[in-house]
Amino acid sequence: MKFILPLVLSSAAAFSPRQGFAPSKTSVLDAVPGSKGTGEGWIDASSPVNTEASLRKTLEKSLEGSDFKKRLSLLGSTGSIGTQTLEIVDACPDNFVVDALSAGNNAKLMAEQVMKYKPKVASLATPEAADELKKLLKDAGCADMPNIVHGEDGILEAATVSTADTVVTGIVGAAGLKPTIEAIKLKKDIALANKETLISGGPVINPLVEEYGVNMLPADSEHSAIFQCLQGVPPGGLRRVILTASGGAFRDMSKDELFRMCQEEPRVIQAKATTHPNWDMGAKITLDSATMMNKGLEVIEAHYLFGASYDDIDIVIHPQSIVHSMIETQDTSCIAQLGWADMRLPLVYSVSWPHRLKMPYKPLDLAELSQLTFKAPDTEKYPCIRLAYEAGKTGGTMTAVLNAANEAANEMFREDVGLGFLDIPKLIEGAMEAHKDDLKTSDIVLDDILSCDTWAREYVARMTEKVKTEPLLL
């Protein structure tokens, strides 16, 4: 595979490399995203779609009725995914039991959750946080004390608790890979809210899902929408996946205006890049939305979840965030899933699939919306989209490098170390270019993914240190 020059755009100064970034003779940006409809490059889906077996499984589970009961292990219980999942448990207490909780260091909120949901296992990140939890529970007179654990082993214990049948992976980053793998090996279904599981670990995860026969159920908005649209579509019926994107903080700016402001008003850009126009999300995801790397990562995730080739996955900007994504079938019919911008909707389907539970949410009112608009993304304005497509088409360990380099660059930008907004794709491209000689595309194991993740973060940190000593060019 050939890589040509770093990002070539109409504003050369905006993307010209700083000193310390050696221009390569080739670039990772030689792929043009978009659907060709050729059917080449498709793989087996990790979610239960596209096969006769998945159709039969969906029908059998649907006919069981809505009086089912699922036992959940919730990883990341104090974050936004975790707290919203627990709201679903509150709304449907007859359908869900919480057997395990894991979180970071928020011992106070964890103590409240333990008192309310009475899990068998409660895990926190550090021994200090675990000790604090024990004290808080003792002081509160906890009658059903869980097994309190901590660290990586604690997350694994929560993910593999014997009584749970579904693991909700709401933790961020590569920390979600090992517990997901161990849960799959125990034949637990995965309500997938951790992007890294498939973006970085797809080459490892997908074969395990097939081997152990588990259900990989998407819990984020776009992939849940596609999954819902695919219910009842026969094998071979899917032609194209269409991911919708809000467009992020800069959707109403022209490319030229964005590049000019990056050069003349970098502080304004920095503030705007961390504020989302539609969704109330964490800082990292909000910035990913501004660069549209979030959508590029979702393209990779869609490839592994639904099996579509990268040439058959498209992106369209939809500012209202009402159509959460679409599919096109072989007869060119388009099926879309609509709803308010509420993360609980995809979460509830991931833990209740294939059932439809009655929820106390505001119904969608199309008359209130009045209009829905769509437009194609500008891949010069958003070079991260093309980087993601190229990493996906390269395959193997390249997607792990893309993801880790993006996380590191994203964090450095938010920490205000002197990075410009347009340095983010440059750092990612540099990491991808530097990795091409060590690229591995077959016989990939978890250690390969984790080592690439560590290497890419270290690469970005080194290059960022060099950038910090150089004058800003933007």
Side-chain angles (χ1 to χ4, degrees), residues 33 79-81 83-85 87-88 170 172 191-195 199 218-230 240-254 258 271-302 305-306 313-328 334-350 359-379 381-382 384-385 388 410:
S80 61
I81 296 295
T83 55
Q84 289 177 94
T85 300
E87 287 179 23
I88 294 165
V172 177
L192 183 66
N194 173 280
K195 289 183 180 296
I199 294 164
D220 66 317
S221 176
E222 294 80 4
H223 298 100
S224 175
I226 296 162
F227 184 54
Q228 292 180 59
C229 291
L230 282 169
R240 181 166 60 123
V241 167
I242 306 168
L243 289 161
T244 57
S246 69
F250 304 117
R251 68 187 181 198
D252 297 322
M253 278 189 191
S254 68
L258 174 60
K272 192 171 179 64
T274 52
T275 306
H276 197 277
N278 291 4
W279 297 85
D280 181 13
M281 304 185 295
K284 190 266 181 186
I285 300 174
T286 299
L287 179 55
D288 277 348
S289 180
T291 64
M292 284 199 69
M293 178 57 91
N294 71 319
K295 210 53 52 178
L297 297 175
E298 287 170 11
V299 166
I300 298 168
E301 192 173 2
L305 275 170
F306 310 114
I313 303 173
D314 288 349
I315 297 170
V316 63
I317 291 179
H318 170 50
Q320 294 82 14
S321 294
I322 295 298
V323 177
H324 296 301
S325 278
M326 299 172 271
I327 65 167
E328 181 182 76
C334 281
I335 304 171
Q337 188 267 331
L338 284 70
W340 295 118
D342 186 338
M343 270 305 302
R344 293 174 300 178
L345 294 176
L347 279 168
V348 72
Y349 195 65
S350 73
M359 303 302 293
Y361 304 151
K362 177 185 175 182
L364 182 65
D365 185 346
L366 291 175
E368 179 182 334
L369 293 168
S370 76
Q371 65 175 352
L372 301 174
T373 59
F374 304 88
K375 64 179 181 179
D378 183 341
T379 55
K381 179 181 172 183
Y382 299 114
C384 284
I385 293 175
N410 180 307

Inset, instruction - Please check if the side chain of Arg240 supplies one atom and the backbone of Asp314 the other of a donor-acceptor pair under 3.5 Å. - result: no
Inset, instruction - Give, for atom OG1 of Thr291 and atom CG of Asn410, the distance between the pair rounded to the nearest 0.5 Å. - result: 7.0 Å
Legend entry - Point-to-point distance, once rounded to the nearest 0.5 Å, from CG of Asp342 to CG of Leu364: 11.5 Å
Inset, instruction - Please report the closest heavy-atom contact between Pro377 and Ile315, naming both atoms and the distance. - result: CD-O, 3.3 Å
Inset, instruction - Determine the sole option in Ile242, Ile335, Leu243, Leu338 for which the side-chain contact (heavy atoms from CB on, under 4.5 Å) test with Met326 is passed. - result: Ile242
Legend entry - Side-chain (Thr85) to main-chain (Ile81) donor-acceptor, under 3.5 angstrom: yes
Inset, instruction - May I ask you to decide if Ala225's main-chain N or O and Tyr349's side chain share a donor-acceptor pair within less than 3.5 Å? - result: no
Inset, instruction - Look only at the side chain of Arg344 and the backbone of Glu87, and say whether a donor-acceptor pair between them is shorter than 3.5 Å. - result: no
Inset, instruction - List the atom of Ile327, the atom of Cys229, and the distance in Å for their closest heavy-atom pair. - result: CD1-O, 3.5 Å
Legend entry - Minimum-distance pair of heavy atoms, taken over all atoms of Leu345 and Gly339: CD1-CA, 4.5 Å
Inset, instruction - Report the distance from atom CG of Leu372 to atom CG of Leu366, rounding to the nearest 0.5 Å. - result: 7.0 Å
Inset, instruction - Taking Thr244 for its side chain and Val323 for its backbone only, find out whether a donor-acceptor pair lies under 3.5 Å. - result: yes
Inset, instruction - Taking Gln84 for its side chain and Ser80 for its backbone only, find out whether a donor-acceptor pair lies under 3.5 Å. - result: yes
Legend entry - Nearest heavy atoms of Gly248 and Ser289, plus distance in Å: CA-OG, 3.4 Å
Inset, instruction - State, yes or no, whether a side-chain contact exists between Lys195 and Ile300 at a heavy-atom distance under 4.5 Å. - result: no
Inset, instruction - Verify side chain to side chain contact (heavy atoms under 4.5 Å, CB included) between Lys381 and Leu258, making sure each step is shown before the conclusion. - result: CA-CA 8 Å; Lys381 179 181 172 183; Leu258 174 60; 4.0 Å; yes
Inset, instruction - Output, in order, the C-alpha distance, side-chain angles, deciding distance and verdict of side chain to side chain contact (heavy atoms under 4.5 Å, CB included) for Leu192 and His223. - result: CA-CA 10 Å; Leu192 183 66; His223 298 100; over 6 Å; no
Legend entry - Heavy-atom closest contact (Ile88 atom, Leu347 atom, distance): CD1-CB, 3.6 Å
Legend entry - Inter-residue atom distance Asp378.CG - Arg251.CZ, 0.5 Å rounding: 16.0 Å
Legend entry - Partner of Glu222 under side chain to side chain donor-acceptor pair (under 3.5 Å), chosen from Gln337, Lys295, His324: Lys295
Legend entry - Chi angles and distances behind the side chain to side chain contact (heavy atoms under 4.5 Å, CB included) call for Gln320, Leu369: CA-CA 9 Å; Gln320 294 82 14; Leu369 293 168; 5.5 Å; no
Inset, instruction - Mind listing the closest non-hydrogen atom pair of Asp365 and Trp340 along with its distance? - result: N-CZ2, 3.7 Å
Inset, instruction - Scan side-chain atoms only and decide if Ser224 and Gln228 contain a donor-acceptor pair under the 3.5 Å cut-off. - result: yes
